[in-house]
Amino acid sequence: MSAESTPEPGIPESVVTGPRRGRGSRRTARGKGRRALRVTAWTAAGVVALGGVGAGYVYFKLNGNIRSVDIDQALGADRPGKADNGSENILVLGSDTRSGSNRALGGGADDGSARSDTAMIVHVYQGHRRASVVSVPRDTLIDRPACTDTGGGNHPAASGVMFNSAYSTGGAACAVKTVESLTGLRMDHYLEVDFAGFQRLIDDLGGVPVTTTRAIADPQSHLDLKAGTHTLDGRQALGLVRTRHGVGDGSDLGRIQLQQAFVKALLGQVREVGVLTSPKKLYDLADTATKTVTTDSELGSVNALVDFADGLKGISSSRMTMVTMPVRYDPADPNRVLMQKAKAQLVWDALKNDRRIPRAATRGTATGEAKGVVSP
């Protein structure tokens, strides 16, 4: 089996349609169009929604919700150069902290640490009409580079550690440093979503419909789904994107396959839910999304997020492809994987040169045996 998935949906276009309006209604139609452009859905480990509406009090409230980190200052000049071909790379992480409002979610003990349960490298091609998404298994054993976190703390290099230790050790800056070290690609932007906020976001959407081809039961992630069609609420959706024991071979690779399938369902639901027809739903989604997301400092405002998302709205569903970083199971520990360096280099070279990822890069790599278990 190949680790490459079928093309996934792109960012839903915000389009206002309807019968032709008279001259007196044109201002209202244009106003709705502008508001439409201020609502987008963006998903990374399984998913980030970004939005902004209004002005005055509403604008400042939403703006105040957003947390940002100055990754450029923390990492300095010792980084890969920016691409000169018009493409962009975005590191999207799902934050799995076990404290605060997250403590009761998803199982596990509150040990005061934070983890990156989901990691995706999103490459937006020149012209912003296509994108590739590369999921990075959290259980990949890597050599982590020395890094400086955004608080100025220094963290030494480490060998043979799990990929997600970069985030738990030094937060966003160390995660970016590690990804850049692995890939040789500069991460132009950073987006992180808190999984408690992810749950609220799904509830604000009214749930997400999915179909399961077999039962999925995992007490650790509080998930119990029979085979069939379900509308997942926030808690169930969170359980689905985090489960690894309920289906497949119990590996992180199976969880990634479920996450990629859920991304497809989520983006479809955002398109169908009709948020643009309800100002209250629009505001609720924008309020939850801006409380949920942490960005790099360049994206740390509503206006910046809206402009960024507006630049992605031309990516159609047939022009987004999702793959998993080429890996093989670790012979010494079946719960860990090792990057297949030659195949992975095909991925990084393709993205660096703004080309499609070749099928040879993912052919014959390890998979989690959960593909097709979940569909929209």
Chemist: Quick one: do Leu91 and Leu351 end up in the same hydrophobic cluster if we chain Ile, Leu, Val, Met, Phe, Trp and Tyr together by side-chain heavy atoms under 4.5 Å apart?
Modeler: yes
Chemist: Can you name the closest pair of heavy atoms from Ala173 and Asp149 and give their distance?
Modeler: CB-CA, 4.1 Å
Chemist: Answer with yes or no whether the hydrophobic clustering places Met325 together with Met162; edges join I, L, V, M, F, W, Y residues whose side-chain heavy atoms lie under 4.5 Å apart.
Modeler: no
Chemist: At what distance, to the nearest 0.5 angstrom, does CH2 of Trp348 lie from CG of Leu185?
Modeler: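 Separation between the atoms: 7.0 Å.
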Chemist: Assess whether atom NZ of Lys82 is packed by more than 12 heavy atoms of other residues, nucleotides or ligands within 6.0 Å.
Modeler: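 Yes - once you tally the heavy atoms of other residues, nucleotides and ligands closer than 6.0 Å, there are more than 12.
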Chemist: When you measure from the side chain of Glu192 to the backbone of Ala172, do you find a donor-acceptor pair of N or O atoms at a distance under 3.5 Å?
Modeler: no
Chemist: Report, as yes or no, whether the 6.0 Å neighbourhood of atom NZ on Lys343 holds more than 12 heavy atoms from other residues, nucleotides or ligands.
Modeler: yes
Chemist: Assess whether side chain to side chain contact (heavy atoms under 4.5 Å, CB included) is satisfied between Thr365 and Thr324, documenting all intermediate values.
Modeler: CA-CA 9 Å; Thr365 58; Thr324 300; over 6 Å; no
Chemist: Side chains of Leu258 and Val241: closer than 4.5 Å at any heavy-atom pair?
Modeler: no
Chemist: With distance as the sole criterion, is a donor-acceptor pair present between the side chains of Thr229 and Thr211 under 3.5 Å?
Modeler: yes
Chemist: Report the C-alpha separation of Thr295 and Leu305 in whole Å, then their side-chain angles, then the decisive distance to 0.1 Å, and conclude whether the side chain to side chain contact (heavy atoms under 4.5 Å, CB included) test is met.
Modeler: CA-CA 9 Å; Thr295 74; Leu305 283 174; 4.1 Å; yes
Chemist: About how many Å separate CG of Leu223 and CG of Leu238, when rounded to the nearest 0.5 Å?
Modeler: 9.5 Å
Chemist: So, Arg79 and Asp72, do they make that salt bridge, N to O below 4.0 Å?
Modeler: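 Result for this pair is yes, salt bridge flagged.
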Chemist: Quick one: OG on Ser221 to CZ on Arg235, what's the gap to the nearest 0.5 Å?
Modeler: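 So the gap between those two atoms works out to 10.0 Å.
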Chemist: Please identify which of these residues, Asn335, Leu141, Asp139, meets the side chain to side chain contact (heavy atoms under 4.5 Å, CB included) condition with Asp330.
Modeler: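 The single option meeting the side chain to side chain contact (heavy atoms under 4.5 Å, CB included) with Asp330 is Leu141.
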Chemist: I'd like to know if the side chain of Thr243 and the backbone of Gly239 have a donor-acceptor N/O pair within less than 3.5 Å.
Modeler: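 Flag not set: sc Thr243 to bb Gly239 has no pair under 3.5 Å.
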Chemist: Less than 4.5 Å apart, any side-chain heavy atom of Val124 and any of Ile90?
Modeler: yes
Chemist: Please find the pair of heavy atoms, one from Val347 and one from Ala361, that lie closest to each other, and give the distance.
Modeler: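 That would be CG2-CB, 3.7 Å.
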Chemist: Honestly curious: do Val293 and Val306 fall in one hydrophobic cluster under the side-chain, below-4.5 Å linking rule?
Modeler: yes
Chemist: Should the heavy atoms of other residues, nucleotides or ligands under 6.0 Å from CZ of Arg186 be counted, would the total exceed 12?
Modeler: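 Atom CZ in Arg186 is crowded, with more than 12 foreign heavy atoms closer than 6.0 Å.
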Chemist: Is Arg130 close enough and on-axis enough to Tyr125, meaning under 6.0 Å and within 45°, for cation-pi?
Modeler: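 Cation-pi check for Arg130 and Tyr125: passes.
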Chemist: Do Met120 and Ile256 share a hydrophobic cluster (ILVMFWY, side-chain heavy atoms under 4.5 Å, transitive)?
Modeler: no
Chemist: Going from CD on Glu298 to CG on Asp188, what distance comes out if it is rounded to the nearest 0.5 angstrom?
Modeler: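 If we round to the nearest 0.5 Å, Glu298:CD and Asp188:CG are 8.5 Å apart.
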Chemist: List the atom of Tyr329, the atom of Gly368, and the distance in Å for their closest heavy-atom pair.
Modeler: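 Looking at all heavy atoms of both residues, the shortest contact is OH-CA, 4.1 Å.
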Chemist: Decide yes or no for Pro145 and Thr178: does some side-chain heavy atom of the first lie under 4.5 Å from some side-chain heavy atom of the second?
Modeler: yes
Chemist: Which atom pair, heavy atoms only, marks the closest approach of Ala350 to Pro358?
Modeler: CB-CD, 4.0 Å
Chemist: Considering non-hydrogen atoms only, spot the tightest contact between Gly300 and Ser68 and give its length.
Modeler: CA-CB, 3.9 Å
Chemist: Hey, which of Val193, Leu285, Asp194 is the one that makes side chain to side chain contact (heavy atoms under 4.5 Å, CB included) with Leu201?
Modeler: Leu285
Chemist: Run the numbers on Ile66 and Val302 for side chain to side chain contact (heavy atoms under 4.5 Å, CB included), then give the verdict.
Modeler: CA-CA 8 Å; Ile66 301 170; Val302 170; 3.9 Å; yes
Chemist: Is the shortest heavy-atom distance from the side chain of Val210 to the side chain of Phe262 under 4.5 Å?
Modeler: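 Touching, per the 4.5 Å side-chain cut-off.
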Chemist: By salt bridge (charged side-chain N to carboxylate O under 4.0 Å, His left out), which residues pair with Glu88, not counting sequence neighbours?
Modeler: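 So Glu88 forms no salt bridge (charged side-chain N to carboxylate O under 4.0 Å, His left out) with any residue.
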Chemist: Do the side chains of Lys61 and Asp287 get close enough for a salt bridge, i.e. N-O under 4.0 angstrom?
Modeler: yes
Chemist: Do side-chain atoms of Gln340 reach the backbone of Val327 as a donor and acceptor pair under 3.5 angstrom?
Modeler: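 Yes; judged by distance alone, with no hydrogens or angles, the pair exists.
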Chemist: So, do Ile202 and Leu266 sit near enough that their side-chain heavy atoms are less than 4.5 Å apart?
Modeler: yes
Chemist: Does His230 reach the main-chain N or O of Lys226 with its side chain, forming a donor-acceptor pair under 3.5 Å?
Modeler: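 Yes, the answer is positive, given that a donor and an acceptor are paired below the 3.5 Å cut-off.
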Chemist: Look up atom NE2 in His189 and atom CG in Asp296, then write down how far apart they are to the nearest 0.5 Å.
Modeler: 6.0 Å
Chemist: Would you say that Met339 contacts Pro326 through its side chain, given a criterion of any heavy-atom pair below 4.5 Å between the two side chains?
Modeler: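 Side chain of Met339 against side chain of Pro326, heavy atoms only: no contact under 4.5 Å found.
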Chemist: Decide whether Asn63 and Ser301 meet the rule of one side-chain donor and one side-chain acceptor closer than 3.5 Å.
Modeler: no
Chemist: Between atom NZ of Lys371 and atom CG of Leu253, what is the distance when rounded to the nearest 0.5 Å?
Modeler: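 Between atom NZ of Lys371 and atom CG of Leu253 there are 13.5 Å.
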Chemist: Please tell me if the side chains of Thr148 and Leu75 come closer than 4.5 Å, counting only heavy atoms from C-beta onward.
Modeler: no
Chemist: Using the rule given for side chain to side chain contact (heavy atoms under 4.5 Å, CB included), can you reason through Thr321 versus Ile357, listing the C-alpha separation, both sets of side-chain angles and the distance that settles it, and then say yes or no?
Modeler: CA-CA 9 Å; Thr321 302; Ile357 297 172; over 6 Å; no
Chemist: Give a yes or no answer on whether the side chain of Asp224 reaches the backbone of Pro219 with a donor-acceptor pair at less than 3.5 Å.
Modeler: no
Chemist: In this structure, which one of His155, Arg138, Arg144 forms a side-chain hydrogen bond (donor to acceptor under 3.5 Å, both in side chains) with Ser165?
Modeler: Arg144
Chemist: Between Asp354 and Gln126, is there a donor-acceptor pair closer than 3.5 Å when you use the side chain of the first and the backbone of the second?
Modeler: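 Flag set: sc Asp354 to bb Gln126 pair under 3.5 Å.
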Chemist: Tell me whether Val136 is reachable from Leu346 by hopping between hydrophobic residues (I, L, V, M, F, W, Y) whose side-chain heavy atoms are closer than 4.5 Å.
Modeler: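 No, no single cluster joins them.
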Chemist: Check whether any side-chain heavy atom of Arg356 lies under 4.5 Å from a side-chain heavy atom of Ser132, and answer yes or no.
Modeler: no
Chemist: Kindly give the heavy-atom pair with the smallest separation between Val337 and Pro137, and that separation in Å.
Modeler: CG2-CB, 4.1 Å
Chemist: For the residue pair Arg242 and Phe195, would you count it as a cation-pi contact if the rule is NZ or CZ under 6.0 angstrom from the ring centre and within 45 degrees of the ring axis?
Modeler: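 Flagged: Arg242 positioned over aromatic ring of Phe195.
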Chemist: Ignoring hydrogens and angles, state whether a donor on the side chain of Gln257 or Thr367 is under 3.5 Å from an acceptor on the partner side chain.
Modeler: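 No, no side-chain donor-acceptor contact under 3.5 Å.
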Chemist: Has Gln236 got a side-chain atom pairing as donor or acceptor with Asp233's backbone, closer than 3.5 angstrom?
Modeler: yes
Chemist: Should the pair Asp252-Arg255 be classified as a salt bridge under the 4.0 Å nitrogen-to-oxygen rule?
Modeler: yes
Chemist: Check this for me: does any side-chain nitrogen of one of Lys177 and Asp78 sit under 4.0 Å from a carboxylate oxygen of the other?
Modeler: yes
